[in-house]
Each structure stands twice: as structure tokens, then as C-alpha cells.
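Taking it in order: structure first as C-alpha cells, then the write-up.
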Amino acid sequence: MAIKYKFPAGDYPVYETIHEVKQVGLLVEGDGQAYYPRSHPNDGAVTRLVWKGPKDQPMFKGSIRHGVFRDVQFVGGNIHIMPIRGLGTGLCTFERCSFFKCGVKFGDESYNGNAADSVFRDCQWINADYGIELTTSQNVNYLIDNCMFYRTKKAVSVLGGGLVTLRDCYMTQVPYVYYLSGNGSKTGGHNGNFVVRDLRYDWKQDVSPTIVKDVSSYGARVLVVDNVHSPRGVNYLENNNVDKVKWDVKVR
């Protein structure tokens with residue numbers, strides 16, 4: 001039976017990590033995240049979960065498949081989605097969620113397992129170290145659609161391989177879209193296909209924007225870039241290990 005957390009508008013302090021173990025089917029739903037346009041029917045209603053626990057612990061941690069997070073503002077506490085042995089982690093949907101000084105992490109320190117078919121739509125990240133972190137060996141079919149990243153150091157941090165698409169998103173004061181840093185010993189083949197489509201940058205951005213920063217140790221990957229608008233210019237790729245990490249960059 002699916003677990004449902006329903007939060008009416010209001011502030012909810014969270015002092016201990018919310019744990020869900022091997023859960024297939026989960027709904028975390030509020031009344032609004034406050035940042036989307038005033039034309040939205042829920043505008044003005046805010047459900048805010050505020051992390052009051054230790055800084056090194058996540059607000060939410062669980063082995064989740066078929067999870068839905070909707071109309072919630074998360075403040076200060078990361079969402080950590082763990083693998084489910086035999087099933088993998090995936091089929092999670094985030095809709096109209098805001099993340100203030102926090103992000104969403106898939107996987108754990110072992111890098112085992114796959115994470116697949118998860119979607120972020122109409123979400124926002126503000127003042128975060130990362131927006132989304134992918135730490136499993138294969139991160140397949142991630143879609144980040146119509147999202148905004150503000151003063152976030154890395155929009156997507158990747159430690160394994162992946163098939164990740166970011167489209168119709170907006171960046172302001174964000175240095176990197178994809179930041180790859182796997183060490184090669186725990187992340188399988190560490191290959192991947194990374195796509196950016198219809199990306200817009202704030203015209204006031206004062207950091208040099210880069211689509212991919214790769215500091216990993218080996219692999220062969222593809223970057224597809226289609227329609228990036230940056231008034232101050234954009235660097236498509238920074239590869240720290242050109243001898244062992246091979247990139248095929250396709251600009252359309």
C-alpha cells in the first residue's frame with residue numbers, strides 16, 4: 001500500500017530524518033511552493049518543510065520507487081532516495097517543488113544499482129551546493145523540464161554514467177550545468193549521454209557559464225547542445241583529463 005503524506009499550507013519544522021524503507025509507491029504533497037507565477041491556482045499557498053536536524057543528515061531518506069513529491073518547498077534538508085535491491089531506484093516525479101539550500105540525491109556511497117526514469121517539472125533550486133546528485137553507476141532517462149536554478153554551484157552532479165536531459169530551463173549565477181566527478185573505480189563504465197535543450201541564462205550572470213565540467217578519471221561520453229541563450233557567452237566543455245576521458249560534443 002502506498003504511503004501518503006499530505007501537508008496543508010504552513011511551516012512544518014522537521015527535527016529528525018524521515019525514513020521510508022523499501023517503499024514502492026509514495027506521495028508527499030503540499031498546497032504550494034510559492035515561487036511559480038501568480039496565474040497558478042495555488043499561488044499564495046505555501047507548504048514549507050524546514051529542516052532543523054543535523055546539517056550532515058538529510059530531511060528525507062528512503063528506498064523509493066514510484067514516488068511523487070508535489071507542491072512543497074523544502075528548506076535546508078536534502079532529499080535522499082536510496083536504491084531498492086533488485087528493483088533499482090526510479091520512476092520518481094517531482095512537480096512544482098522548491099529547494100532552498102538543499103537538493104535531491106539518488107543512490108548511496110556504494111554506487112551499486114541503477115536509477116531510472118525520474119522527472120523534475122516546474123521545480124526550483126535556490127542557494128544550493130547541487131540541485132540533483134546522481135551517484136549510482138547507471139542513471140538512465142532523467143528529465144529536468146522547465147526548472148530554475150539560482151545561485152546553485154552545480155545544477156546536476158554526476159558520479160556515474162547517465163542518460164540525462166535538461167530542457168527549457170533557466171540559470172542565474174550558476175557556473176555548471178553538469179558536473180562529473182566519478183573516480184572510475186566504483187562507477188561502472190562511467191559513460192553517458194547528456195543533453196541540454198532550450199537553456200536560458202540570466203543576462204546579469206557574473207560567473208562564466210559552462211555546460212559540462214568533467215573532473216572524472218575515464219570514460220567516453222556524448223554532449224548534445226541545442227539552443228543555448230547566454231548573453232555573456234557559454235563554454236560547452238571543460239575536460240580535466242583529455243587523455244582518458246573522451247567527449248563527443250554535438251552543437252545544433
Side-chain angles (χ1 to χ4, degrees), residues 30 32-40 42-51 59 69-79 93-106 118-134 142-158 162 164-181 194-215 223-238 249 251-252:
Q33 57 131 337
Y35 287 121
Y36 37 68
R38 296 189 63 83
S39 59
H40 192 280
N42 287 345
D43 185 63
V46 186
T47 295
R48 185 179 291 112
L49 301 184
V50 183
W51 179 236
M59 181 188 302
F69 299 77
R70 179 185 297 137
D71 290 318
V72 178
Q73 185 181 135
F74 299 95
V75 180
N78 292 325
I79 308 301
T93 300
F94 291 80
E95 295 179 333
R96 299 183 301 276
C97 290
S98 291
F99 303 89
F100 183 72
K101 295 185 177 179
C102 61
V104 181
K105 176 179 178 179
F106 289 84
S118 291
V119 177
F120 294 82
R121 287 194 175 95
D122 305 319
C123 294
Q124 302 192 15
W125 287 266
I126 302 97
N127 292 343
D129 287 333
Y130 63 84
I132 302 161
E133 183 169 272
L134 308 175
Y142 276 80
L143 174 62
I144 304 158
D145 184 30
N146 195 36
C147 294
M148 191 275 281
F149 298 83
Y150 174 78
R151 294 192 182 278
T152 297
K153 296 177 182 177
K154 307 164 232 180
V156 186
S157 178
V158 184
V164 187
T165 297
L166 185 144
R167 72 182 185 195
D168 199 22
C169 291
Y170 183 76
M171 305 276 169
T172 178
Q173 309 300 334
V174 176
Y176 305 112
V177 176
Y178 295 114
Y179 190 96
L180 281 73
S181 59
F194 301 91
V195 179
V196 170
R197 288 195 171 96
D198 300 320
L199 178 64
R200 303 177 308 282
Y201 280 92
D202 183 356
W203 71 275
K204 293 183 178 179
Q205 170 139 332
D206 57 14
V207 299
S208 178
T210 297
I211 302 297
V212 170
K213 171 76 170 181
D214 193 340
V215 299
L223 170 65
V224 178
V225 180
D226 186 357
N227 189 26
V228 174
H229 176 68
S230 175
R232 298 181 183 273
V234 63
N235 181 27
Y236 295 124
L237 172 65
E238 290 183 17
V249 179
V251 180
R252 297 173 179 172

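Since we're looking at a predicted model, the values are computed, not measured. Side chains are part of it too, since the values below use all heavy atoms of this structure and drop only hydrogens, waters and symmetry mates.
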Using the rule given for side-chain contact (heavy atoms from CB on, under 4.5 Å), can you reason through D206 versus Q173, listing the C-alpha separation, both sets of side-chain angles and the distance that settles it, and then say yes or no? CA-CA 7 Å; D206 57 14; Q173 309 300 334; 2.5 Å; yes
Do the non-hydrogen side-chain atoms of T172 and K204 ever get within less than 4.5 Å of each other? no
Answer yes or no: is there a side-chain heavy-atom contact under 4.5 Å between E238 and T210?
yes
Distance col, row Q73:CD vs F100:CZ, nearest 0.5 angstrom, shows 8.5 Å
Heavy-atom donor-acceptor pair, R232 side chain to Q205 backbone, under 3.5 Å:
yes
Run the numbers on D122 and R96 for salt bridge (charged side-chain N to carboxylate O under 4.0 Å, His left out), then give the verdict. CA-CA 5 Å; D122 305 319; R96 299 183 301 276; 5.1 Å; no
Taking every heavy atom of L49 against every heavy atom of M59, the minimum-distance pair comes out as O-CE, 3.3 Å
In this structure, CD1 of I132 is separated from OG of S157 (nearest 0.5 Å) by 10.5 Å
- Is the centre of the Y130 ring less than 6.0 Å from the centre of the Y179 ring? no
The ring-ring contact (aromatic ring centres under 6.0 Å, His included) partner of F120 among W125, F149, F99 is W125
Heavy atoms, side chains only, cut-off 4.5 Å: are Y201 and V228 in contact?
yes
What one should report as the nearest heavy-atom pair of V174 and A155 is CG1-N, 4.5 Å
dist R151:CZ -> N127:CG (nearest 0.5 Å) comes out at 7.0 Å
Correct closest heavy-atom pair for S230 and V234 would be CB-CB, 4.1 Å
Tightest non-hydrogen contact, residues K213 and V215, listed as CE-CG1, 3.8 Å
In this structure, CZ of R167 is separated from CG of L199 (nearest 0.5 Å) by 13.5 Å
Flag the pair Y236 / V196 as yes when at least one side-chain heavy-atom distance between them is below 4.5 Å, and no otherwise. no
Walk me through it: do L180 and F194 pass the test side-chain contact (heavy atoms from CB on, under 4.5 Å)?
CA-CA 11 Å; L180 281 73; F194 301 91; 3.9 Å; yes
D71 and C97 have their tightest heavy-atom pair at N-SG, 4.1 Å
One should read off an interatomic distance between S98 OG and I126 CD1, to the nearest 0.5 angstrom, of 5.0 Å
Query raised in the report: Quick one: does F106's side chain get under 4.5 Å of S118's, heavy atoms only?
Result: yes
Carefully, step by step, assess K154 and E133 under the rule side-chain contact (heavy atoms from CB on, under 4.5 Å). CA-CA 9 Å; K154 307 164 232 180; E133 183 169 272; 5.6 Å; no
Polar side-chain atom of Y178 near backbone of V195 as donor-acceptor pair, under 3.5 Å = yes
Exercise for review: Evaluate the side-chain proximity of L143 to R121: yes if any heavy-atom separation is below 4.5 Å, no if none is.
Suggested key: yes
So CG of D168 and CD1 of I144: to nearest 0.5 Å the spacing works out to 13.0 Å
Correct closest heavy-atom pair for G233 and P209 would be O-CG, 3.1 Å
*Side-chain contact test, heavy atoms from C-beta onward, threshold under 4.5 Å: evaluate it for V156 versus Y142 and give yes or no.*
no
